[in-house]
Undergrad: 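Could you have a look at this structure, given as structure tokens, before my questions?
The residues of the chain are indexed from 1 along the displayed sequence. Just the heavy atoms: all of them, side chains too, but no hydrogens, waters or symmetry mates, feed the values below.
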Amino acid sequence: MTAVDPPLSDDLWEEDVPEAPSARPESDLVADAMAAFSLSTTEAETLLDSYTPRQVETLLLRHWTSA
């Protein structure tokens, strides 16, 4: 069986991500980002460096409510 590469683009990773009204502690966001997007700890922490905590919260909410 051959492995399939993940898609190169995802609408969750758009540049203009709105901010949620509030966000949980960063440690919770890192753990949830790891679970939701299959990221390593380092990748999840980099995600938090790229977006505000409230934007990461928005990405997580979109991920779990779109499924």
Undergrad: Quick one: which residue pairs count as a salt bridge (Lys or Arg N to Asp or Glu O under 4.0 Å) with a foot in residues 23-33, not counting sequence neighbours?
TA: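 Only Arg24-Asp32, Arg24-Glu57 qualify under salt bridge (Lys or Arg N to Asp or Glu O under 4.0 Å).
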
Undergrad: Can you measure from CD (Glu19) to OG1 (Thr58) and round to the nearest 0.5 angstrom?
TA: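 The OG1 atom of Thr58 is 7.5 Å from CD of Glu19, to the nearest 0.5 Å.
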
Undergrad: For residues 40-49, pull every pair meeting salt bridge (Lys or Arg N to Asp or Glu O under 4.0 Å), keeping only residues two or more places apart or in separate chains.
TA: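 Qualifying pairs: none.
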
Undergrad: Does some side-chain heavy atom of Phe37 sit less than 4.5 Å from a side-chain heavy atom of Leu59?
TA: yes

Undergrad: First locate atom CD of Gln55, then atom CG of Leu48, and finally report the distance between them rounded to the nearest 0.5 Å.
TA: 10.0 Å

Undergrad: If you look at every heavy atom in Ala36 and Leu60, which pair is closest and at what distance?
TA: CB-CD2, 3.8 Å

Undergrad: Between Ala23 and Leu29, what is the shortest heavy-atom contact and its length?
TA: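 Shortest heavy-atom separation between Ala23 and Leu29 comes out as CB-CD1, 4.2 Å.
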
